[in-house]
Participant: 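I have a structure I would like to understand better, so I am pasting it below and will then ask my questions one at a time.
Heavy-atom basis, side chains included; hydrogens, waters and symmetry copies ignored.
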Amino acid sequence: MTKVLIVVSAADRWTLRNGVVHPSGFWGEELAMPHKIFTEAGWETTIATPGGKPPTLDRLSMSWTAGRPSRLREVARYLDSIKTQTAAPRSLDDVDPDAFDVVFYPGGHGPMEDLAVDPVSGALLTRVLASGKPLALLCHAPAAAFAAHDADGSWPFTGYRMTGLSNVEERFNSFGRKARWLLEDRLRDSGAHYTKSRVPLRPFVVVDRNLYTGQNPASSEPLAKRLVADVG
């Protein structure tokens, strides 16, 4: 059986450039739909967070601006069906990445608050990327890559083709314009070959070697389905 580790942010806030703390967490669709697709494929799922803290659902991800009412109801039902798993996640520092076949990070602004500076997550990402096992980062989750470092201090994701939420998409949110940094800019500045869809908010998936990235919440299903198809 294929085993997938799902690493979720434990942050319940996102600190903006002006010091304002914006309530945040993980994006509902980005956890629910990939988890559902992995489970339907017969994969064994394990959720882990920094410190084993139950993750916080970003309420904006369940608002009318986040998608069709039917999709939001589907997401809410699925999240409710896995609440025993999300209520008691594994602690990331107790997880052995070698025990898993695939590692997947959903987004939301949470990763920009905690995973982007989490050394445990950074070490895990460095190890999985080097292992050749599929590693997937969705929407804001590529922010977690900034905590990864090779032994010589270099960034292991340098030169990889990647996507993630674009500057244009981030600025659709009024509070996003107050961000301390934007994901697209920082990926480019760090040495990734950032690429994006020509049309904002449309599904877009990039695969480079064993690194899989999805641009936005709409990429949740295509990214998960691509992983399932490739892993088999």
Side-chain angles (χ1 to χ4, degrees), residues 1-10 26 30-31 34-35 37-39 41-52 55 85 89-107 110-112 114-164 183 186-187 190-195 204-215 219-232:
M1 176 184 291
T2 299
K3 296 182 178 181
V4 55
L5 174 65
I6 302 176
V7 180
V8 185
S9 166
F26 72 88
E30 296 179 29
L31 173 58
H35 192 292
I37 289 166
F38 298 152
T39 300
W43 290 12
E44 180 182 312
T45 60
T46 296
I47 294 177
T49 66
Q85 199 175 7
R90 294 273 302 277
S91 179
L92 198 54
D93 55 6
D94 290 335
V95 167
D96 177 7
D98 293 340
F100 298 90
D101 305 295
V102 179
V103 175
F104 174 81
Y105 280 58
M112 297 178 76
D114 64 351
L115 295 176
V117 295
D118 188 292
V120 176
S121 173
L124 184 148
L125 288 171
T126 301
R127 187 168 167 182
V128 175
L129 188 68
S131 75
K133 293 180 180 180
L135 170 62
L137 308 170
L138 176 59
C139 197
H140 286 97
F146 301 133
H149 304 284
D150 281 324
D152 61 1
S154 62
W155 194 48
F157 292 86
T158 297
Y160 277 82
R161 293 177 59 248
M162 299 176 68
T163 191
L183 182 61
R186 193 164 171 190
L187 286 172
S190 296
H193 292 309
Y194 178 87
T195 185
F204 189 70
V205 173
V206 173
V207 181
D208 186 351
R209 289 159 278 183
N210 62 315
L211 178 63
Y212 293 68
T213 50
Q215 182 174 329
S219 306
S220 300
E221 288 194 50
L223 178 59
K225 288 179 178 178
R226 176 66 185 270
L227 282 166
V228 170
D230 287 358
V231 174

Participant: Any non-hydrogen side-chain atom of Leu227 less than 4.5 Å from a side-chain atom of Phe38?
Facilitator: yes
Participant: Contact between Thr39 and Ile37 at the side-chain level, heavy atoms closer than 4.5 Å - yes or no?
Facilitator: no
Participant: Taking atom CZ of Arg90 and atom OG1 of Thr49, what is their separation to the nearest 0.5 Å?
Facilitator: 11.0 Å
Participant: Let's go through Thr158 and Ser190 carefully: what are the C-alpha distance in whole Å and the side-chain angles of both, what is the deciding distance for side-chain contact (heavy atoms from CB on, under 4.5 Å) to 0.1 Å, and is it a yes or a no?
Facilitator: CA-CA 7 Å; Thr158 297; Ser190 296; over 6 Å; no
Participant: Closest approach of Ala143 and Met112, non-hydrogen atoms and distance?
Facilitator: CB-CG, 3.9 Å
Participant: Classify the ring geometry between Phe146 and Trp155 as parallel (under 30°), tilted (30 to 60°) or perpendicular (over 60°).
Facilitator: parallel
Participant: Between the main-chain N or O of Gly110 and the side-chain N or O of Ser9, is there a donor-acceptor pair closer than 3.5 Å?
Facilitator: yes
Participant: Kindly determine whether Asp230 and Lys225 satisfy salt bridge (Lys or Arg N to Asp or Glu O under 4.0 Å), including the steps that lead there.
Facilitator: CA-CA 9 Å; Asp230 287 358; Lys225 288 179 178 178; over 6 Å; no
Participant: Once you round to the nearest 0.5 Å, how far does CZ of Phe100 lie from NZ of Lys3?
Facilitator: 7.5 Å
Participant: State, without any angle test, whether His35 and Gln85 hold a side-chain donor-acceptor pair at a distance under 3.5 Å.
Facilitator: yes
Participant: If you look at every heavy atom in Thr163 and Thr195, which pair is closest and at what distance?
Facilitator: OG1-O, 2.8 Å
Participant: Atom CD of Gln215 and atom NE2 of His140: how far apart are they, to the nearest 0.5 Å?
Facilitator: 11.0 Å
Participant: Any cation-pi pair here, Arg209 with Tyr160, using under 6.0 Å and within 45°?
Facilitator: yes
Participant: Could you go through Leu129 and Leu211, starting from their C-alpha distance and side-chain angles, then the distance that decides it, and tell me whether this counts as side-chain contact (heavy atoms from CB on, under 4.5 Å)?
Facilitator: CA-CA 7 Å; Leu129 188 68; Leu211 178 63; 4.2 Å; yes
Participant: Walk me through whether Leu124 and Val103 qualify under side-chain contact (heavy atoms from CB on, under 4.5 Å).
Facilitator: CA-CA 9 Å; Leu124 184 148; Val103 175; 4.0 Å; yes
Participant: So how far is it from Ser131 OG to Asn210 CG, rounded to the nearest 0.5 Å?
Facilitator: 6.0 Å
Participant: Search all heavy atoms of Lys133 against all heavy atoms of Pro97 and return the closest pair with its distance.
Facilitator: NZ-O, 3.7 Å
Participant: Are any of the side-chain heavy atoms of Phe104 and Pro34 separated by less than 4.5 Å?
Facilitator: yes
Participant: So, do Leu138 and Thr213 sit near enough that their side-chain heavy atoms are less than 4.5 Å apart?
Facilitator: no
Participant: Judged by atom type as modelled, is there a donor-acceptor pair below 3.5 Å linking the side chain of Asp96 to the main-chain atoms of Asp98?
Facilitator: yes
Participant: Are Leu125 and Leu137 packed together at the side-chain level, in the sense that at least one heavy-atom pair is separated by less than 4.5 angstrom?
Facilitator: yes
Participant: For Gly164 versus Pro142, what's the shortest heavy-atom pair and its separation?
Facilitator: CA-CG, 4.3 Å
Participant: Do Leu5 and Val95 have side-chain heavy atoms sitting under 4.5 Å apart?
Facilitator: yes
Participant: Hey, what do you get for CG (Leu135) to OH (Tyr212), rounding to the nearest 0.5 Å?
Facilitator: 10.5 Å
Participant: Nearest heavy-atom pair of Leu115 and Val8: which atoms, and what distance?
Facilitator: CD1-C, 4.4 Å
Participant: Of all the heavy-atom pairs spanning Met162 and Leu187, show the shortest one and how long it is.
Facilitator: CE-CD2, 4.0 Å
Participant: Assess the side chains of Tyr105 and Ser121: does a donor N or O sit below 3.5 Å from an acceptor N or O?
Facilitator: yes
Participant: Just checking, any donor-acceptor pair under 3.5 angstrom between side chains of Thr2 and Glu44?
Facilitator: no
Participant: Less than 4.5 Å apart, any side-chain heavy atom of Pro134 and any of Val231?
Facilitator: yes
Participant: Closer than 3.5 angstrom, by distance alone: can the side chain of Thr126 be matched with the main-chain N or O of Gly122 as a donor-acceptor pair?
Facilitator: yes
Participant: From Leu31 CG over to Ile47 CD1, what is the distance, rounded to the nearest 0.5 angstrom?
Facilitator: 5.0 Å
